[in-house]
Amino acid sequence: MKIRTRYAPSPTGKMHVGNLRTALYAYLIARHEDGDFLLRIEDTDQERFVEGATEIIYRTMKQAGLVHDEGPDIGGPVGPYVQSERVKSGLYLDYARQLIDRGEAYYCFCSQERLDGLKQVIDGKEVMMYDKHCLSIPREEAEARVRAGEPYVIRQNNPKEGSTSFTDVLYGEIEVDNSELDDMILIKSDGYPTYNFANVVDDHLMGITHVVRGNEYISSTPKYNRLYQAFGWEVPQYIHCPLITDSEHKKLSKRSGDTSFEDLVEHGYLPETVVNFVALLGWSPEDNREIMSLTDLVDCFDYHRISRSPAVFDYQKLSWMNGEYLKAMEPERFAEIAMPFIKKALPSITDADALKKIALMVQSRVELPQQIPDMIAFFDHLPDYDPALYCHKKMKTDEATSLSVLKELLPFLEREDDYTNDAIYQALSGWIGEHGYKNGYVLWPLRIALSGMATTPCGATEILEILGKEESLSRIRKGVALLGGS
RNA sequence: GGCCCCGUGGUCAAGCGGUCAAGACACCACCCUUUCACGGUGGUAACAUGGGUUCGAUUCCCGUCGGGGUCACCA
């Protein structure tokens, strides 16, 4: 049978990395076996609906490369793919009534106050389970009250005795006592189905074979199973993915930082980095490769290898991976990404060639484009710096040696005219050799004088080239002055 | 608190009865180098714990401890 998976988000805001991974796994499972991947919008909560959130979902999926075969924007054979549109046909209510006919559900008229009275606080957490109060209302009476316009909900009627089990591909069989199952609401008083109910109905109607979702749904799955059984529907394969947590091992939330796909991209992480990284949180390929494109992932994704234990979202490794992608990138594409940052940091440099050279320098040493400005700002203007920078034990330099070297070097550099990197490096090497110095002994102080930085994305001669003769000489003179050489 | 899930280095993560317990990030050292970075090389660092089962347990079973999830007219 052809595999059909779906990603079914609620349009309530930005797309969280946990959801992204769920979507990714659903996508990979389908694509790996030439199945279908659908997108369904679960907007049954009109209060939490956020304007524009659906667009964020489309945009994120597109950026991440998760192309769906059926969905609200492209249609398909089992539409509509937006639940609020499906509600209009009365389909959920019809199915809920079928359940009532079978004694698997019932009307409930309990007020919010009464429900609140059922709540109890345990360990500071509000816990509540419905007491089946309205189950005793005779069917005729309930229907009369409904006809009379009294507000009602429809609840699932779960048994108190016995147990219910379901099988998860990853976790195996999970069994719970029926006494644990709350009579959850299927149809809300506004006529909308709850997520739980709509999910089951739609997954069945849309022919979903593999339900991929977060681990947090595992405890409500028995109730889903009872629904499938009540309808006599085939139960899909369940694949509950392990949680992604913050460094405190708590479920990732807005509170833990910018963990939406959008935020990460805005911070300079490449979409392909995020996809790659998130794929490896809870799954690994047989050969343990780490840098993998989406197509690589499709090729070797075996959902049986998904882990059962939660994973911490580690920004450090994410950054490393981003650096790997940046380094492996075509220089042209990198330049495109880096250029805005370079230009911002170097308003005085307009020479396109020089800018391109700087981009090249920076490519192999940056993990996030946002790091670029600090790295190269010295090209624009010499920062104030501590003369202690001139001291370097391995180069055997200190402030005194640096002063004398720089003074010695000045007339030579004043004489030179070709400041292109190769030429000036050649010339300098010759000069260094003639004087019997070691490269670093001369080049270290020179680089410090030119940049005022302990670390730069390039060597001294590359800076000479970018800066040009005039600016270079001026900076060296400043260095001499700073070192007390007037 | 009830129920459910999880438990290999700081983090990700191989392993699926017999391994000197991979690899990656991070960290440290060294090499290379006109600095840093990149790249090399090497190093520190783990099977939560107690019982079983077995000739032999990281691996299987049970308990304990620890962590997490869930208990809405939210998804």
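Residue numbers start from 1 in every chain, and the chains themselves are labelled A, B, ... in the order their sequence lines are given, proteins ahead of strands.
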Nearest-nucleotide pick for [X], side chain only, options being [options]:
| X | options | value |
| --- | --- | --- |
| A/L115 | B/U11, B/C73, B/G68 | B/C73 |
| A/D123 | B/G1, B/C6, B/A22 | B/G1 |
| A/S364 | B/A37, B/A24, B/U70 | B/A37 |
| A/K125 | B/G1, B/U11, B/A22 | B/G1 |
| A/T194 | B/G69, B/G68, B/A75 | B/A75 |

Which is true for [X] with a 4.0 Å heavy-atom rule: it touches a base, it touches only sugar-phosphate, or it touches nothing?
| X | value |
| --- | --- |
| A/F277 | nothing |
| A/S284 | sugar-phosphate |
| A/L243 | sugar-phosphate |
| A/V176 | sugar-phosphate |
| A/M128 | sugar-phosphate |
| A/V153 | base |
| A/C108 | nothing |
| A/G282 | sugar-phosphate |
| A/R289 | nothing |

Taking the ring of [Y] and the ring of [X], is the distance between their centroids below 6.0 Å?
| X | Y | result |
| --- | --- | --- |
| A/Y315 | A/F313 | yes |
| A/Y192 | A/Y92 | no |
| A/F166 | A/Y228 | no |

### Message
Salt bridge or not between A/E47 and A/K188? Use side-chain N to carboxylate O under 4.0 Å.
### Response
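So A/E47 does not pair with A/K188 through a salt bridge.
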### Message
Check this for me: does any side-chain nitrogen of one of A/D314 and A/K317 sit under 4.0 Å from a carboxylate oxygen of the other?
### Response
no
[atom1] atom, [N] versus [M]: distance in rounded Å?
| N | M | atom1 | value |
| --- | --- | --- | --- |
| B/C6 | B/U58 | C1' | 16 Å |
| B/U59 | B/A46 | C1' | 15 Å |
| B/C74 | B/G69 | C1' | 16 Å |
| B/A26 | B/C32 | P | 23 Å |
| B/G15 | B/C20 | C1' | 15 Å |
| B/A14 | B/A21 | C1' | 10 Å |
| B/G68 | B/C60 | P | 24 Å |
| B/A29 | B/A13 | C1' | 25 Å |

### Message
Let me spell it out: for each of A/Y217 and A/K223, pick the nucleotide of RNA chain B with the closest heavy atom. Which residue's pick is nearer the 5' end?
### Response
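Result: A/K223.
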### Query
Between A/E216 and A/K327, which is nearer to the 5' end of RNA chain B once each is assigned its nearest nucleotide?
A/K327
### Query
Is the shortest side-chain N/O distance from A/K188 to OP1 or OP2 of B/A72 below 4.0 Å?
no
### G-U wobble or Watson-Crick pairing nucleotide for B/U59 (cut-off 3.5 Å, both distances)
none
### Query
Does any nucleotide pair with B/A29 by Watson-Crick or G-U wobble geometry, both distances under 3.5 Å, and what is it?
B/U41
### Task
Find the distance between CD1 (A/I100) and CD (A/Q156) and round it off to the nearest 0.5 Å.
12.0 Å
### Query
If you take atom types as modelled and just measure distance, does the side chain of A/S189 reach the base of B/C73 with a donor-acceptor pair under 3.5 Å?
yes
### Query
Under the 3.5 Å rule, do the base of B/A24 and the side chain of A/K317 count as making a donor-acceptor pair?
yes
### Message
Short of 4.0 Å, heavy atom to strand atom, which residues of residues 44-56 of chain A count as contacting RNA chain B?
### Response
A/T44, A/D45, A/R48
### Task
Round to the nearest Å and state the distance from A/F197 atom CZ to B/C74 atom P.
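The answer, rounded to whole Å, is 15 Å.
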### Task
Calculate the interatomic distance between A/E248 atom CD and B/U11 atom C1'; express it in whole Å.
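In whole Å, B/U11 C1' and A/E248 CD are 13 Å from each other.
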Distance-only polar pair, side chains of [X] and [Y], donor-acceptor under 3.5 Å:
| X | Y | result |
| --- | --- | --- |
| A/D422 | A/Q426 | no |
| A/D131 | A/H133 | no |
| A/N19 | A/T22 | no |
| A/Y106 | A/Y152 | no |

### Message
Each nucleotide in nucleotides 26-36 of chain B should get exactly one letter: B, S or -. Can you fill that in based on protein heavy atoms under 4.0 Å?
### Response
S------BBBB
### Query
Does A/R213 count as lying over the ring of A/Y195, i.e. NZ or CZ under 6.0 Å from the six-ring centre, within 45 degrees of the axis?
no
### Query
Among A/D202, A/I41, A/L38, whose side chain to side chain contact (heavy atoms under 4.5 Å, CB included) with A/Y81 holds?
A/L38
